[in-house]
Amino acid sequence: MLANSRTDKIGLVLIVVVGLCWALAGCGGGAKQETHQDVVNRFKPQYAELRAKLQQVAGKIPQRATERKVTASLTPQPVYSTQTDKPANTDILMHPHLLDPDAKLDSSNQFDLQLANHLLRALQWTGDKNPMSATALKTKATDSVIRDLELGLQTRYLAVAKVAAYAPVVAVDKKTFRGGQATLDGFLVDLTNQSVVCSFTVSAKAQEQVSYKYKEDENAAEVLAKLAQSSLWSAARQEFIKALNEKCGGDFVLSK
């Protein structure tokens with residue numbers, strides 16, 4: 001009799017557990033896991049508002065920058081790093097990306113510092129031309145994608161780089177090239193009210209002499225041009241970050 005009573009109790013416990021599992025949409029299953037498409041759809045309304053704000057920012061950027069230093073420390077302090085795992089409240093965009101985050105900036109006629117962190121990716125993912133493949137959109141949302149979407153919305157300050165003059169590198173032969181200069185206007189914007197709080201101009205040049213090696217099946221002039229262009233890009237990035245620290249205050253770090 002006691003054995004039967006114990007069996008009844010075990011059976012009752014199992015029934016309760018099974019009932020709880022059904023209530024929670026199945027043992028081991030839990031709630032439906034979000035796909036990348038689900039996450040993108042969830043963030044789209046907020047990024048639609050941010051896109052509209054960036055268009056307003058584009059309208060407030062002047063044709064050319066006049067030097068304007070931050071006279072009093074900004075609160076909170078702007079923080080930016082190319083190490084995307086570090087906490088930051090600031091991002092950097094090229095001026096064309098304010099109006100069209102999907103714009104392709106070809107180095108042959110347009111210059112891109114490529115300093116954008118979370119914000120540009122998030123804008124592209126939530127736009128009409130999402131670069132994710134159809135397969136990727138159907139897969140389980142990764143923590144890194146969700147993190148980028150969340151951090152993009154937390155951007156307090158936006159540094160905007162606007163190309164004032166640009167002469168891309170053009171190889172003359174395997175030993176010489178022409179061009180290799182860029183002048184950029186920089187603007188630091190407080191996104192809470194779309195106000196420009198700092199502005200400056202920087203210039204950069206490609207290294208005059210570039211040492212390189214090339215294979216027999218490579219075009220030596222093209223290799224030279226590519227390396228010289230890379231030296232221009234690196235110098236422009238360094239000058240832009242340096243000016244942000246000196247003119248706008250804050251903590252801007254360009255990782256090597």
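Values reported hereafter were calculated over all heavy atoms of this structure, with side chains retained and with hydrogens, waters and symmetry mates removed.
With sequence neighbours left out, the ring pair (Phe, Tyr, Trp, His ring centres under 6.0 Å) criterion links Phe111 to Tyr166. Here Thr192 pairs with Arg156, Asp190 under the side chain to side chain contact (heavy atoms under 4.5 Å, CB included) rule; sequence neighbours left out. Considering only residues two or more places apart in sequence or on other chains, Phe177 meets the ring pair (Phe, Tyr, Trp, His ring centres under 6.0 Å) condition with none of them. Listed by chain and number, the residues in a side chain to side chain donor-acceptor pair (under 3.5 Å) with Thr135 amount to none (sequence neighbours excluded). Residues that satisfy the side chain to side chain contact (heavy atoms under 4.5 Å, CB included) test with Gln46, not counting sequence neighbours, are Phe43, Leu153.
Heavy atoms only, all atoms of each residue included: Ala122 and Leu149 are closest at CB-CD2, 3.8 Å. The minimum heavy-atom distance between Gly250 and Gln77, with the atom names listed, is CA-CG, 3.4 Å. Minimum heavy-atom separation, Val202 to Ala243: CG1-CB, 3.6 Å. A pairwise comparison of heavy atoms in Met94 and Leu113 identifies SD-N, 3.5 Å as the closest pair. Shortest non-hydrogen contact noted between Val79 and Pro87 is CG1-O, 3.5 Å. The nearest pair of heavy atoms linking Ala141 to Ile146 is CB-CD1, 4.1 Å.
Test Asp91, Ile241, Leu120 against Leu115 for side-chain contact (heavy atoms from CB on, under 4.5 Å) and you get one pass: Ile241.
Within the 6.0 Å centre-distance limit, the rings of Phe200 and Phe240 are counted as a close aromatic pair.
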Next on the checklist: Go through it in stages, so that I can follow the logic: the residues are Leu98 and Leu93, the test is side chain to side chain contact (heavy atoms under 4.5 Å, CB included), and I'd like the CA-CA distance, side-chain angles, deciding distance and then a yes or no.
Outcome noted: CA-CA 7 Å; Leu98 296 177; Leu93 292 183; 4.1 Å; yes
Next on the checklist: Set out, in order, the CA-CA distance, both residues' side-chain angles and the distance that settles salt bridge (charged side-chain N to carboxylate O under 4.0 Å, His left out) for Lys69 and Glu246, then state yes or no.
Outcome noted: CA-CA 8 Å; Lys69 293 184 179 181; Glu246 293 180 350; over 6 Å; no
Next on the checklist: Test side chain to side chain contact (heavy atoms under 4.5 Å, CB included) on Lys247 and Glu67; report intermediate values, then the result.
Outcome noted: CA-CA 8 Å; Lys247 310 293 185 182; Glu67 184 170 311; 3.3 Å; yes
Next on the checklist: Walk me through whether His95 and Val160 qualify under side chain to side chain contact (heavy atoms under 4.5 Å, CB included).
Outcome noted: CA-CA 6 Å; His95 186 268; Val160 178; 4.1 Å; yes
Next on the checklist: Please determine whether side chain to side chain contact (heavy atoms under 4.5 Å, CB included) holds for the pair Thr155 and Thr90, giving the CA-CA distance in whole Å, both sets of side-chain angles, and the decisive distance to 0.1 Å.
Outcome noted: CA-CA 5 Å; Thr155 305; Thr90 306; 5.8 Å; no
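Although no hydrogens or angles enter the test, the distance criterion places a donor-acceptor pair under 3.5 Å between the side chain of Asp173 and the main chain of Thr176. In this structure, Gln154 contributes its side chain and Gly152 its backbone to no donor-acceptor pair below 3.5 Å. Side chain of Trp125 to backbone of Pro131: no donor-acceptor contact under 3.5 angstrom is found.
For the side chain to side chain donor-acceptor pair (under 3.5 Å) condition, the pairs that include at least one residue of residues 143-152, sequence neighbours left out, are His118-Asp148, Arg121-Asp148, Thr142-Ser144.
Residues Leu188 and Ile61 fall into different hydrophobic clusters, defined by Ile, Leu, Val, Met, Phe, Trp and Tyr side chains chained together at heavy-atom separations under 4.5 Å.
Residues Ile92 and Leu244 form a side-chain contact, since some pair of their non-hydrogen atoms from C-beta on lies under 4.5 Å apart.
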